[in-house]
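Inspection log for the structure reproduced underneath, given as structure tokens.
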Amino acid sequence: VLAPGHGGEEIGARGVNGAMEKDITLDVARRLKAAIEARLGIRVLLTREDDRLVPLDDRASIANNNKADLLISLHVNASPRRDARGAEVFYLSLDGLSAETRRMAENPPHKALPTLGGGSRDIELILWETAQARHLAESAVLAGFIEEELRKSIEMSQRALQQASFRVLVGANMPAVLVEIGFVSNPDQEAQLIT
């Protein structure tokens, strides 16, 4: 699942020449979807196909409900420094989770639910805030792979691989990353991002 950032009234970052993050991320997501499907034959879903806002938790829900193998959230960065440039790849940081929440993420409680025809089925009860914690090692590997591959084609920032507490990643029950594909606040990168 590809999640183009922002949409609708939420434009995201705006470039010095007027390019809007919501438009750039949707365009890149559409192109990336087409390229992945054509080259790899993998089914790719977008969390939005048009200019509308999809709430952050809904983006992870779309990935979860479709049993996605990966979630990639696409964004465009901005900085007060016009010379800031390069792509960055993030995976979730667990900073801020309590010790109890971390414990539950590592060992979720189970509950037996009745099934049709008798008997029961044991299911794990996973808190939304801990879903991604179970996939953190895989997300770190995915982030490293994406950073390494992007570096072959586009300019990366000095802090190309990072961890952060992005809400869009929290509830994803699969490896998930957020990619800032460039700085729209940099006039040169803005021109690249819209072509």
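The figures here come from the full heavy-atom set of this structure, side chains too, leaving out hydrogens, waters and symmetry mates. Just so it is clear, the structure is predicted and the values come from calculations on it, not from any experiment.
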In terms of hydrophobic clusters joined by side-chain contacts under 4.5 Å, are V28 and I194 together? yes

Where the side chain of Q189 meets the backbone of F183, is there a donor-acceptor pair that is under 3.5 Å apart? yes

Enter the distance from E49:CD to R30:CZ here, rounded to the nearest 0.5 Å. 7.0 Å

Under 3.5 Å, which donor-acceptor pairs link side chains of residues 140-149 to any protein atom two or more places apart or in another chain?
from: E147; atom 1: OE2; to: R151; atom 2: NE; distance (Å): 2.7
from: E147; atom 1: OE2; to: R151; atom 2: NH2; distance (Å): 2.5
from: E149; atom 1: OE2; to: K152; atom 2: NZ; distance (Å): 2.9

I'd like to know whether H75 forms a side-chain contact (heavy atoms from CB on, under 4.5 Å) with L178, so could you lay out the CA-CA distance, the side-chain angles of the two residues, the decisive distance to 0.1 Å, and finally the verdict. CA-CA 7 Å; H75 288 267; L178 184 144; 3.5 Å; yes

Distance alone, cut at 3.5 Å: any donor-acceptor contact between the side chains of S139 and Q132? yes

Taking it one step at a time, do E180 and F90 satisfy side-chain contact (heavy atoms from CB on, under 4.5 Å)? CA-CA 8 Å; E180 296 275 7; F90 294 85; 3.7 Å; yes

Under 3.5 Å, which donor-acceptor pairs do the side chains of residues 5-16 form with other protein atoms, sequence neighbours left out?
from: H6; atom 1: ND1; to: E10; atom 2: OE2; distance (Å): 2.7
from: H6; atom 1: NE2; to: E21; atom 2: OE1; distance (Å): 3.1
from: H6; atom 1: NE2; to: E21; atom 2: OE2; distance (Å): 3.4

Heavy-atom donor-acceptor pair, D58 side chain to V54 backbone, under 3.5 Å: no

How close do R59 and L53 get, heavy atom to heavy atom, and via which atoms? NH2-CD1, 3.8 Å

Determine whether M174 and V44 fall in the same hydrophobic cluster, where Ile, Leu, Val, Met, Phe, Trp and Tyr are linked whenever their side-chain heavy atoms lie under 4.5 Å apart. no

Test side-chain contact (heavy atoms from CB on, under 4.5 Å) on I72 and V1; report intermediate values, then the result. CA-CA 6 Å; I72 301 174; V1 169; over 6 Å; no

Tell me whether L161 is reachable from L71 by hopping between hydrophobic residues (I, L, V, M, F, W, Y) whose side-chain heavy atoms are closer than 4.5 Å. no

Where is the tightest heavy-atom contact between D69 and P175, given as atom of each residue plus distance? O-CD, 3.4 Å

Report yes if some heavy atom in the side chain of V177 is under 4.5 Å from a heavy atom in the side chain of L169; otherwise report no. no

Let me check something: do L56 and L45 share a hydrophobic cluster, defined by ILVMFWY side-chain heavy atoms less than 4.5 Å apart, either directly or through other members? no

I'd like to know whether CG of D188 has more than 12 heavy-atom contacts from other residues, nucleotides or ligands below 6.0 angstrom. yes

Got Q162 and E88 here, is their nearest side-chain heavy-atom distance under 4.5 Å? yes

How long is the gap from CG on D27 to CG on L32, to the nearest 0.5 Å? 11.0 Å

Taking all non-hydrogen atoms of both residues into account, name the closest pair between V184 and E190 and its distance. O-CB, 3.5 Å

Smallest separation among heavy atoms of K22 and D51, with atom names: NZ-OD2, 2.9 Å

Heavy-atom closest contact (L150 atom, V179 atom, distance): CD1-CG1, 4.0 Å

Is a side-chain donor or acceptor of D83 paired with a backbone partner of N186 at a separation under 3.5 angstrom? no

Do the side chains of R48 and L26 get nearer than 4.5 Å, heavy atoms only? yes

M20 versus V76: any side-chain heavy-atom pair under 4.5 Å? no

Which distance, rounded to the nearest 0.5 Å, do you find between the CD1 of I24 and the CD of Q192? 11.0 Å

L2 vs K33, side-chain contact (heavy atoms from CB on, under 4.5 Å): CA-CA, chis, key distance, verdict: CA-CA 8 Å; L2 298 175; K33 173 185 172 33; 4.3 Å; yes

In terms of heavy-atom contacts, T47 and I62 come closest through O-CD1, 3.8 Å

Heavy-atom distance under 4.5 Å between the side chains of L92 and V170, does that happen here? yes

Would you say CZ of R43 has more than 12 non-hydrogen atoms from neighbouring residues, nucleotides or ligands within 6.0 angstrom? no

